[in-house]
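See below for the structure under consideration.
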Amino acid sequence: MPWSGGVLGLTDLGFVAGPSKPIVLAVMGPHNAGKTTLLGAWYLLLGCGHRPNDKLRFSGSCSLAGWENVASPLRWKPGSVPPTFPPHTSSTTARIPGLLHLAFKHGRDHRTDYVITDAPGEWFHKWAVKREAPDAEGARWAAEHADAFVLVADRQALEGSEMGTARTGIQLLARRLADELRGRPVALVWTKSDVSVSEEMEKAVRSAVLRVIPKAVEFAVSIMPNPDETENVQGFLDLLRWVLNVRRPTVQLPEPADHNPDPLFRFGAR
């Protein structure tokens, strides 16, 4: 069998999409903004028994090896080497994002599959500047197929020496995403929330995003030590709960005039 348990590609999606179409989440943001670290933190929290919803239970994954590759650097291991951040997601050869799969059950029978993108920030920057950029095919795929989006704002970059470039980058990406949105839900996620950002900068970025995506909801996450450890965990779980509540719009069949229950007659006869 070709399945390896690593990150999925289009061919591998058949292992997930056979029973039903999965919910696709696109995680978008600039280079080094913490997108892969966010995914690794989710995986480790689930592995430790945390549950974003008391009614949901983890029900498997077709990409456990891929999740392990993402999360392994974040783990404490025997020896003197401390945890570190996951390596940068490569943008050299892939044409679509790496896809990580999770499945959850609600009750005994209802199962929902989720596919989450792990893509390099360079793709999204090129896509934000020029929609048809030849090196932005992965970003275009994510924008076309996602059911929901996580838009990452890196607080560390917004306070550093390149703060102007970072602010412009998130503004361009928000505008491009707004043009492609078609009513799909968006979460604005402030990563590295332990870093202090000037009130003016935070307000400028928030206003730029909400101006073009007024229904975006905000979250803040950080993996750095905090006097209140629960608060850090809760930020990741709140965001994951939002993701797991995403649902694809359904088709509502009109009620026939004669209340005939047969669906073949619901649209009338010629």
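- His106 contributes atom NE2, which lies 5.5 Å from atom NZ of Lys55 (distance to the nearest 0.5 angstrom).
- In this structure the side chain of Tyr43 never reaches within 4.5 angstrom of the side chain of Leu74, judged on heavy atoms.
- Under the rule for a side chain to side chain donor-acceptor pair (under 3.5 Å), Arg140 has no partner lying at least two apart in sequence or in another chain.
- The backbone N or O of Met224 sits less than 3.5 Å from a side-chain atom of Asn232, completing a donor-acceptor pair.
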- Query: Do Lys126 and Glu137 pass the salt bridge (charged side-chain N to carboxylate O under 4.0 Å, His left out) test, and can you show the C-alpha distance, the side-chain angles, and the key distance before you say yes or no?
  - Reply: CA-CA 10 Å; Lys126 294 173 181 177; Glu137 184 173 346; over 6 Å; no

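- Contact between Ile223 and Ala41 at its shortest, heavy atoms only, is CG2-CB, 4.4 Å.
- Minimum interatomic distance between Ala146 and Ala26 (heavy atoms only, all atoms of both residues): CB-CB, 3.7 Å.
- In this structure, CG on Leu240 lies 9.5 Å from CG on Asn245, to the nearest 0.5 angstrom.
- Within 6.0 Å of the CD atom in Glu199, the count of heavy atoms belonging to other residues, nucleotides or ligands does not exceed 12.
- If you take CG on Leu99 and SG on Cys62, they are separated by 12.0 Å, rounding to the nearest 0.5 Å.
- No side-chain donor-acceptor contact under 3.5 Å links Asp113 to the backbone of Ala103.
- A distance of 9.5 Å separates CG of Leu56 from CZ of Arg241, quoted to the nearest 0.5 Å.
- Criterion: ILVMFWY side-chain heavy atoms under 4.5 Å apart, direct or through other members. Under it, Val233 and Val189 are part of a common hydrophobic cluster.
- At a threshold of 4.5 Å between non-hydrogen side-chain atoms, the residues Glu159 and Glu202 do not count as touching.
- Applying the salt bridge (charged side-chain N to carboxylate O under 4.0 Å, His left out) definition to pairs two or more places apart or across chains, those involving residues 162-189 are Arg131-Glu180.
- Using a 4.5 Å heavy-atom threshold, the side chains of Arg75 and Leu44 count as touching.
- Of the candidates Val27, Leu8, Leu39, Val115, Leu39 is the only one forming a side chain to side chain contact (heavy atoms under 4.5 Å, CB included) with Leu100.
- Residues Pro97 and Thr117 share a closest heavy-atom pair of CB-CB, 3.8 Å.
- Grouping the Ile, Leu, Val, Met, Phe, Trp and Tyr side chains by contacts below 4.5 angstrom, directly or via other members, places Val195 apart from Phe219.
- Through direct or indirect side-chain contacts shorter than 4.5 Å among Ile, Leu, Val, Met, Phe, Trp and Tyr, Ile213 is connected to Met28, Phe124, Trp127, Phe149, Leu151, Leu158, Met163, Ile170, Leu173, Leu177, Leu181, Val186, Leu188, Trp190, Val197, Met201, Val205, Val209, Val212.
- To the nearest 0.5 Å, atom NE2 of residue His125 and atom CG of residue Asp135 are 11.5 Å apart.
- Cluster membership check: Leu210 does not share its hydrophobic cluster with Val150, using side-chain heavy-atom separations under 4.5 Å among Ile, Leu, Val, Met, Phe, Trp and Tyr.
- Without hydrogens or angle criteria, Lys203 side chain to Ser198 main chain gives no donor-acceptor distance under 3.5 Å.
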- Might you work through the side chain to side chain contact (heavy atoms under 4.5 Å, CB included) test for Val70 and Asp118, ending with a clear yes or no? CA-CA 9 Å; Val70 167; Asp118 181 21; 4.0 Å; yes

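- By the 4.5 Å heavy-atom criterion applied to side chains, Tyr114 and Ile23 are counted as neighbours.
- For the pair Trp242 and Pro185, the tightest heavy-atom approach, listed with the atom from each and the gap, is CZ2-CB, 3.8 Å.
- Heavy-atom minimum distance, Asp154 versus Ala33: OD2-CA, 3.6 Å.
- Between Leu38 and Leu239, some side-chain heavy-atom pair lies under the 4.5 Å cut-off.
- Listed here is the closest heavy atom pair of Val152 and Pro30: O-CD, 3.6 Å.
- Residue Arg247 qualifies as enclosed at atom CZ: its count of foreign heavy atoms under 6.0 Å is above 12.
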- Task: Verify side chain to side chain contact (heavy atoms under 4.5 Å, CB included) between Leu102 and Trp42, making sure each step is shown before the conclusion.
- Result: CA-CA 11 Å; Leu102 289 173; Trp42 276 346; 5.9 Å; no

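- Here the straight-line distance linking atom CG of Leu46 with atom CH2 of Trp67 works out to 8.0 Å at 0.5 Å rounding.
- A donor-acceptor contact shorter than 3.5 Å links the side chain of Ser61 to the backbone of His101.
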